[in-house]
Amino acid sequence: MSTFDPKEHPHIRYNPLMEEWVTVSPHRMKRPWKGQVEKPEEEEIPSYDPNNSLCPGNTRSSGKVVSIPSMRERFCSTMIFQLF
């Protein structure tokens with residue numbers, strides 16, 4: 001007979017916060033997955049959207065057209081959508 005190992009053997013524990021007994025099955029995560037694994041759908045995102053007010057060169061909600069330099073250098077801008 002082998003010794004009891006809580007990381008290997010199913011057992012029950014008392015949860016004092018919920019005042020109930022809970023079953024624990026640590027061996028379940030060691031089972032091999034035999035289900036289907038699907039590749040996530042790749043979405044093509046355009047680098048420029050003429051309808052997006054945050055894209056460089058588009059008209060902002062304030063009516064201004066702000067040109068933003070390339071993203072390879074630092075850029076500081078005023079807040080477009082102020083919270084307060």
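Predicted, not measured: the structure shown is a model, and the values here were computed from it.
In terms of heavy atoms, Pro26 sits closest to Pro10 at CD-CA, 4.1 Å. Summarising the geometry of His11 relative to His9, their closest heavy-atom pair is ND1-O, 2.9 Å, with the distance given to 0.1 Å. Of all heavy-atom pairs spanning Arg60 and Cys55, the tightest one is NH1-O, 3.3 Å.
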May I have the step-by-step check of side chain to side chain contact (heavy atoms under 4.5 Å, CB included) for Glu19 and Tyr14, ending in yes or no?
CA-CA 7 Å; Glu19 296 182 355; Tyr14 183 70; 3.6 Å; yes
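Here the side chain of Asn58 pairs a donor or acceptor atom with the backbone of Asp49 at under 3.5 angstrom.
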